[in-house]
Amino acid sequence: MTNKSTENYSALSQMKDDDTIISIQDVSKKFCRSLKQAYVYGLKDIAAEVFGTSRGSHALRKGEFWALQNVSIDVRRGESLGLIGVNGSGKTTLLRTISGLIKPDTGSIRIRGRIAALIALGAGFNPLLSGRENVYVNMSILGLSRQEIDKSFQSVLDFAEVWDAIDAPVRTYSSGMRARLGFACAIYTKPDILLIDEVLAVGDARFRTKCYRKLNQLREEGTSFVLVSHSSNAILNICNTTVYLSKGNVVMCGETDLVMSKYEEDLLKIGSESGKGAMANLSENSNNSEELHILSILFKDDKGNTLKTLVSGKPAYLCIRCKAYKMVENAIVGIIIRDINNQHDSILSINSERDKQTLEIPPGEQEIKLKMPYCGLKPGIYTIKLSISKRPFYIYDLVESFRFEVRRSRNMNQCHFYQPRSWEIEEVKVER
């Protein structure tokens, strides 16, 4: 390893004597899209390190792209840092770079304290060993002595709730049991830094609640968190500082509420007068197939004007603009609406197939319209998860989160639901 790479992962004795526990300075990481070419580049890089020659880390070679570029972040002791961004923005790459699983091409990362990574929970367990043996192996890799593991073992067992199965081979465990045991091993190493990558959906609702309580306890004890999640609820509840990444670059870093607002504005930005749609660059960020892309989502009134907000009790059209590259038959549009403050429960679920609507989408740009004669939602902010699919399990395109606002009308002053209604008087005929 060269002097530079040794410096990247050296102890924080060279860092300033302050509360900074993670210092990331001008970190960049590149990957190659071709597996064969990546092997060639890897061999060249190894040879360059062995002979002490320059790797040319600052420049892209043929087929390479920047997964991270000039990222600089400081995390202080006890701070919770969130990483947000669309798929492919560099969140997991940054997390794996901090954990030491991959090495940055440029820049330096300096760490003070013990790291535990909640990434692919249970992936490192040996399926032939028992749960007990895997706990000792896993926690010793994370830096604990046998005596320390002995003291924590019962707590790990109680937290993971795998009492009867602890001496059975891990290959007999369900995926949930392995994940719970992996989570318990990580948090009972008493880490100074906890790296979490989309693993807060472990187990059932009761167990998730227990995980959140334990994370809160660790935070109060001074553990620092770096959390990657697509759940705005998790980021807002856990993180006091958030970094917004896009295509490997830091767009914004600061207070979580402000950064989340910027991120959601970028996802849900109302289009300009050119009428390109209510969601900017949606086709670039979506997980689309080659047959159909969702271009934009917006609301319109009955005259075709774009609505920035809905009004309880008023009509509206949900318009989904898409581009089909061939005839798409028997398409199903699925819509799930959730309250921004409660992402676990669905307020409304709409499915064109259940409504017995068969959608045929011809080639070219099309607009699918869902007519809502009345908006029955109470005033507030909501998110829509929308997909266009076909049976049995094929998804043409998916939008994870489209946020919109519902404003109050005079008919919603004292209630949480708008009921369409009319009044009439009918004479009562009295029999004599």
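We use all heavy atoms of the structure for the numbers below, so side chains are in, but hydrogens, waters and symmetry mates are not. Because the structure is predicted, anything quoted here is derived from the model rather than measured.
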| task | Please step through side-chain contact (heavy atoms from CB on, under 4.5 Å) for the pair Val135 and Met139, ending with a clear verdict. | result | CA-CA 6 Å; Val135 167; Met139 295 183 75; 3.7 Å; yes

| task | Take Val226 and Leu194 through the side-chain contact (heavy atoms from CB on, under 4.5 Å) test and state the conclusion after the steps. | result | CA-CA 6 Å; Val226 181; Leu194 198 57; over 6 Å; no

| Aromatic rings Tyr263 and Tyr244: how do their planes relate, parallel, tilted or perpendicular, breaks at 30° and 60°? | perpendicular

| task | Inspect the contact between Glu353 and Arg391 and indicate whether a charged nitrogen and a carboxylate oxygen are less than 4.0 angstrom apart. | result | yes

| message | Aromatic contact between Tyr396 and His293, with the criterion being ring centroids under 6.0 Å apart: yes or no? | response | no

| message | Taking the six-membered ring of Tyr382 as reference, does the cationic atom of Arg403 (NZ for Lys, CZ for Arg) lie under 6.0 Å from its centre and within 45° of its axis? | response | no

| Does Lys210 come within less than 4.0 Å of Glu161, counting only side-chain N to carboxylate O? | yes

| Centroid-to-centroid, Tyr136 to Phe153, below 6.0 Å? | yes

| task | Tell me yes or no: between the side chains of Gln25 and Ser23, is some donor less than 3.5 Å from an acceptor? | result | yes

| With a 4.0 Å cut-off, would you call Asp192 and Arg77 a salt bridge? | yes

| query | Can any side-chain N or O of Asn134 pair as donor or acceptor with the backbone N or O of Asn126 at less than 3.5 Å? | reply | yes

| field | NZ or CZ of Lys369 within 45° of Tyr317 ring axis and under 6.0 Å | value | yes

| task | Give a yes or no on whether a salt bridge exists between Lys300 and Glu367, defined as a side-chain N under 4.0 angstrom from a carboxylate O. | result | yes

| query | What class does the angle between the rings of Phe31 and Phe65 fall in, given that below 30° is parallel, 30 to 60° is tilted and above 60° is perpendicular? | reply | tilted

| field | Side chains of Thr92 and Asp197, donor plus acceptor under 3.5 Å | value | yes

| Leu144 side, atom CG; Ser152 side, atom OG - distance, nearest 0.5 Å | 6.0 Å

| task | Could you tell me whether a side-chain N or O of Thr20 sits under 3.5 Å from a main-chain N or O of Arg76, the two making a donor and an acceptor? | result | no

| Check: Tyr394/Glu291 side-chain N/O donor and acceptor closer than 3.5 Å | yes

| field | Those residues that, when tested against Glu221, pass side chain to side chain donor-acceptor pair (under 3.5 Å) (two or more places apart) | value | Gln217

| query | What distance do Lys30 atom NZ and Thr106 atom OG1 have between them, rounded to the nearest 0.5 Å? | reply | 8.5 Å

| task | Would you tell me whether Glu255 and Thr241 have side-chain atoms, one donor and one acceptor, within less than 3.5 Å of each other? | result | no

| task | Please check if any side-chain donor atom of Asp105 sits under 3.5 Å from a side-chain acceptor atom of Trp66, or the reverse. | result | no

